[in-house]
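Only one structure is covered here, and it is reproduced in the block below.
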Number of protein chains: 2
Amino acid sequence: MQICVQSWPAMPHDDPLPSRLSSDVYNVLRRQIVTGELRPNQPLIELDLAERLQVSRTPVRECLQRLAHAGLVVPRKRGWAVREFTPDEIRQNAELRMALEGYAASLAAIRGSPSDIAAIVAIHERRLTLRSSDEEKRVKTNRDFHDAIMRASGNGRLTDAIYHSGQFYFNAPIARATTGEELKLGNADHALIVAALLKRDGAAAERAMRAHIQRTFAVFWRVTGLAEPLHVQPR
Amino acid sequence: MQICVQSWPAMPHDDPLPSRLSSDVYNVLRRQIVTGELRPNQPLIELDLAERLQVSRTPVRECLQRLAHAGLVVPRKRGWAVREFTPDEIRQNAELRMALEGYAASLAAIRGSPSDIAAIVAIHERRLTLRSSDEEKRVKTNRDFHDAIMRASGNGRLTDAIYHSGQFYFNAPIARATTGEELKLGNADHALIVAALLKRDGAAAERAMRAHIQRTFAVFWRVTGLAEPLHVQPR
DNA sequence: GAGGCAAGGTTTGTATGCAAATTTGCGTGC
DNA sequence: GCACGCAAATTTGCATACAAACCTTGCCTC
């Protein structure tokens, strides 16, 4: 087969099983769902997908099972369709991220090794020197920053869950928005998080991370023009 | 086919796709993994499973994809094996639950409807009247209690994530152990959570829930005889 | 002209076929 | 007795086959 893996915006949690076709199919379909190339509620016809990707139905079906488990695809009476995310579900996901990344930040502050913390600080400082025009680098260092904190938490399950939740931001037109303005605003928030980490103050780190994610999503609603659901602010 | 669905301890998040064979297979295999009937690291031979369950390899393969995505099964160079959970991974999962259920409790306190809260209180009080010998009812009301809080959080994504994480507690011999002593200690913890919910104090509810889960796992280590990993206490 | 029924075409859900790749077992040589 | 290597037997990964369920469409009837 010749699944055309053109270069695309790096995405977290690509899931390559050791040399298995269904894994390539998974990554391609996930990207197409997540970027909106496959529209919400669009029915997914196995044979169509198989022909487009030059594989048989078998890997496609296996991949659909995983997408369904990931929550990106929903079962219909017959077959599958791309899941549609309502604004409320996006809010719910933001809250999920606040729970997970907030806790990760708290663990990082408490038990991250000195070199873990140093790595986070380094990423933060590198980020401060970026020219505002270099969007790609900003996206990357932002991800690096959050990744480094997760890693410092010393909890792989938590990290997995965060990656998982990350699959939900991107649904058209979310991808563009979350990589756009949000990133310009982040530095002040990041500085607060870094300060808490350096003080080894878990509670402060958790608060700062939650506030950061919440602010990010406030931007998101504005940029996308979606109506912000009520109760984004839990406390 | 005649997958023998004998009565088993109720498990969260049975995942029945609308009338699909692979879904029954999924629930059976998940249970067998989680109860230890299928041992950690045991290779899963497709044809074996298919014959045991009286289905063909196709639904088995699809089900394995979902189990892999759930993290209960890991890919080998060739085929799959039951994932082995180390004590450290179990600790990580406990922390994940603390993050998720703690946040759910906080949301429930802040925005749960009066009837949501009343339902939680009712479950708690029913639970107080149970005879300690009635183990099955205790297990059930415990689950009801946690479920009701999740529901009161008004966040389905969070709820899903909690259910998901729930798949990991039970690995032999966990299931039996968690129905024993833990439950006796639970009532006092539950009372603290209920009090915070009634006061609509999100931060207190979150603290109480985290402490409850942590205590549960402290019991777990003792009962199972596994070595408790360091750093269970994050603050 | 509208509604219902039926027939045909899709599309799925499951089963099976086939070749490749890995593992197992045995024999041989050291 | 141990190690190495070759061959046979599993067992997978992918493809395809087949029947049942479903949807569409067109025709017939009222």
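Order of the sequence lines sets the chain letters (A, B, ...), proteins ahead of strands, with each chain counted from 1.
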Per the side chain to side chain contact (heavy atoms under 4.5 Å, CB included) rule, which among B:Leu38, B:Leu64, B:Leu67 passes with B:Leu72? B:Leu67
Nearest whole angstrom, please: distance from the [atom2] of [N] to the [atom1] of [X].
X: B:Tyr26; N: C:dG13; atom1: OH; atom2: C1'; answer: 20 Å
X: A:Asp24; N: D:dG13; atom1: CG; atom2: C1'; answer: 13 Å
X: A:Gln65; N: C:dT12; atom1: CD; atom2: C1'; answer: 13 Å
X: B:Lys77; N: C:dT24; atom1: NZ; atom2: P; answer: 11 Å
X: B:Arg76; N: D:dT10; atom1: CZ; atom2: C1'; answer: 17 Å
X: B:Leu53; N: C:dG13; atom1: CG; atom2: P; answer: 19 Å

Distance-only criterion, 3.5 Å: show the donor-acceptor pairs between side-chain atoms of residues 44-51 of chain A and protein atoms not counting sequence neighbours.
residue, atom, partner, partner atom, Å
A:Glu46, OE1, A:Arg57, NE, 2.9
A:Glu46, OE1, A:Arg57, NH2, 2.9
A:Glu46, OE2, A:Arg61, NH1, 2.6

Taking side chain as C-beta onward, heavy atoms only, is [X] less than 4.5 Å from [Y]?
X: A:His190; Y: A:Asn142; value: yes
X: B:Met209; Y: B:His146; value: yes
X: B:Phe145; Y: B:His124; value: yes
X: A:Asp160; Y: A:His164; value: no

At how many degrees, to 10°, do the end axes of the helix from C:dG1-D:dC30 to C:dC30-D:dG1 meet when each uses five pairs? 10°
NZ/NE/NH1/NH2 to OD/OE distance under 4.0 Å, B:Glu206 and A:Arg210: yes
Could you list, one pair per line, each protein nitrogen or oxygen that sits under 3.5 Å from a nitrogen or oxygen of nucleotides 6-11 of chain C, together with the distance?
residue, atom, partner, partner atom, Å
C:dT11, O2, A:Arg78, NH2, 2.0

By side chain to side chain contact (heavy atoms under 4.5 Å, CB included) - contacts of A:Asp116 (at least two apart): A:Ser113, A:Ala152
All side chain to side chain contact (heavy atoms under 4.5 Å, CB included) counterparts of A:Asp144, not counting sequence neighbours: A:Ile123, A:Arg126, A:Lys140
Pairs touching residues 33-61 of chain B that satisfy ring-ring contact (aromatic ring centres under 6.0 Å, His included), sequence neighbours left out: none
Can you pull every protein N or O that's under 3.5 Å from an N or O on nucleotides 16-18 of chain C?
residue, atom, partner, partner atom, Å
C:dG17, O6, B:Arg57, NH1, 3.4

side-chain hydrogen bond (donor to acceptor under 3.5 Å, both in side chains) with B:Thr159: which residues, sequence neighbours excluded? none
